[in-house]
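Nothing here was measured: the structure is a model prediction, and the numbers come from that model. One-based numbering, in listed order, for ligands and for the atoms of each.
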Amino acid sequence: MKIAFIGLGNMGGGMAANLVKAGHTVRAFDLSEDALASAKSAGCETFSSAREAVEGVEAIVSMLPNGAIVKTVYTNEVIGHAPHAATLIDCSTIDVATAREVADAAHAQGYKMVDAPVSGGIAAAEAGTLTFMVGGERHAFDAAQAVLDAMGKAVIHAGDAGNGQAAKICNNMLLAIQMIGTAEAFTMAQKLGLDAQTFYDISSVSSGQCWSMTSYCPVPGVGPQSPSDNEYKGGFASALMLKDLKLAMEAAETAGAKTPLGEQAKGIYERFAQEHGALDFSGIIKTL
Ligand code: NAD
């Protein structure tokens, strides 16, 4: 298949390379020369604008920093320039409202479009093991699936346009709250004289068990290998968790959803990210 890929950064670079490995022709564009050079060495054809990259393609994948950029790129470079039969697939994490607005603009000109944000970080993007949560009409989802399968281990239809973004921010709000709770419990257990490994052995088979404990423990040396074993380097940056919490709180306000713990988590990560934005989000335990 002939696919355009726009946004070849930490995530997009690995994803585009996996499309090439799956046998697709990938027409790549990024504003960064370095990102374009890496994409070229991974086997992509490179172009000097998104508008050129989308010429004659059957699908377009984008992995961009935020909603304003996604809207500008799709409005000015993709919609009306790509063939009308092409499937538009935005994998960036952006606000639900912009995702729906861009999808409406695409539908108005006859395109199929999905929002398909991912769970999994840079390592999963490189390994092709991302999870895609996909919002869009069934026929658009079906058309996107063949492309997404080459970059992920799971592709799940979440409903109509914007629902992929809704799933992503609800999941990450829950993850942030759960990580803070896990960090508080381990810190308090230790202050009460309970060894961290002993608390893990008990809580991991009791009702407090959760992913932040048993797959990504914020205490070094406890549970499987995770960023806490590497001084909280790598993993999912606190600045990106904060970005997702801000999107979640915006969406909660628009939808009239009550999220008191989500608000608290946003405040806690806001303070942490001021100095430690590059550290993994499990590093929040350092503040306790
Ligand atoms: P990044 O900053 O490494 O990459 C973004 C790329 O987009 C850059 O190479 C930049 O030059 C390019 N870009 C910006 N404006 C452009 C434009 N107008 N035209 C073409 N290219 C443009 O960011 P990333 O870490 O790859 O994240 C991308 C998206 O994935 C974000 O929405 C992020 O929230 C989401 N995400 C990231 C992770 C992660 O662990 N990094 C995990 C899940 C989701």
- Query: Going through the checks in order, is the side chain to side chain contact (heavy atoms under 4.5 Å, CB included) test met by Met63 and Val118?
  - Reply: CA-CA 10 Å; Met63 195 54 165; Val118 306; 3.9 Å; yes
- Tell me, do Pro117 and Ile169 make a side-chain contact under 4.5 Å, heavy atoms counted? no
- Message: Are Leu64 and Val73 packed together at the side-chain level, in the sense that at least one heavy-atom pair is separated by less than 4.5 angstrom?
- Response: yes
- Item | Sub-6.0 Å ring centroid separation between Phe141 and Phe132 | no
Just list the N/O pairs, ligand 1 to protein, that are under 3.5 Å apart, with the distance for each.
residue  : atom   : partner : partner atom : Å
ligand 1 : 3 (O)  : Asn10   : N            : 2.9
ligand 1 : 3 (O)  : Asn10   : ND2          : 3.1
ligand 1 : 9 (O)  : Asp30   : OD1          : 3.3
ligand 1 : 9 (O)  : Asp30   : OD2          : 2.7
ligand 1 : 11 (O) : Asp30   : OD1          : 2.6
ligand 1 : 26 (O) : Asn10   : N            : 3.3
ligand 1 : 26 (O) : Met11   : N            : 2.8
ligand 1 : 32 (O) : Leu64   : O            : 2.9
ligand 1 : 32 (O) : Thr93   : N            : 3.0
ligand 1 : 32 (O) : Lys243  : NZ           : 2.9
ligand 1 : 34 (O) : Lys243  : NZ           : 2.8

- Task: Kindly assign one of parallel, tilted or perpendicular to the pair Trp211 and Tyr216, based on the angle between their ring planes and the thresholds 30° and 60°.
- Result: parallel
- Message: Which label fits Phe186 and Tyr200: parallel for a plane angle under 30°, tilted from 30 to 60°, or perpendicular past 60°?
- Response: tilted
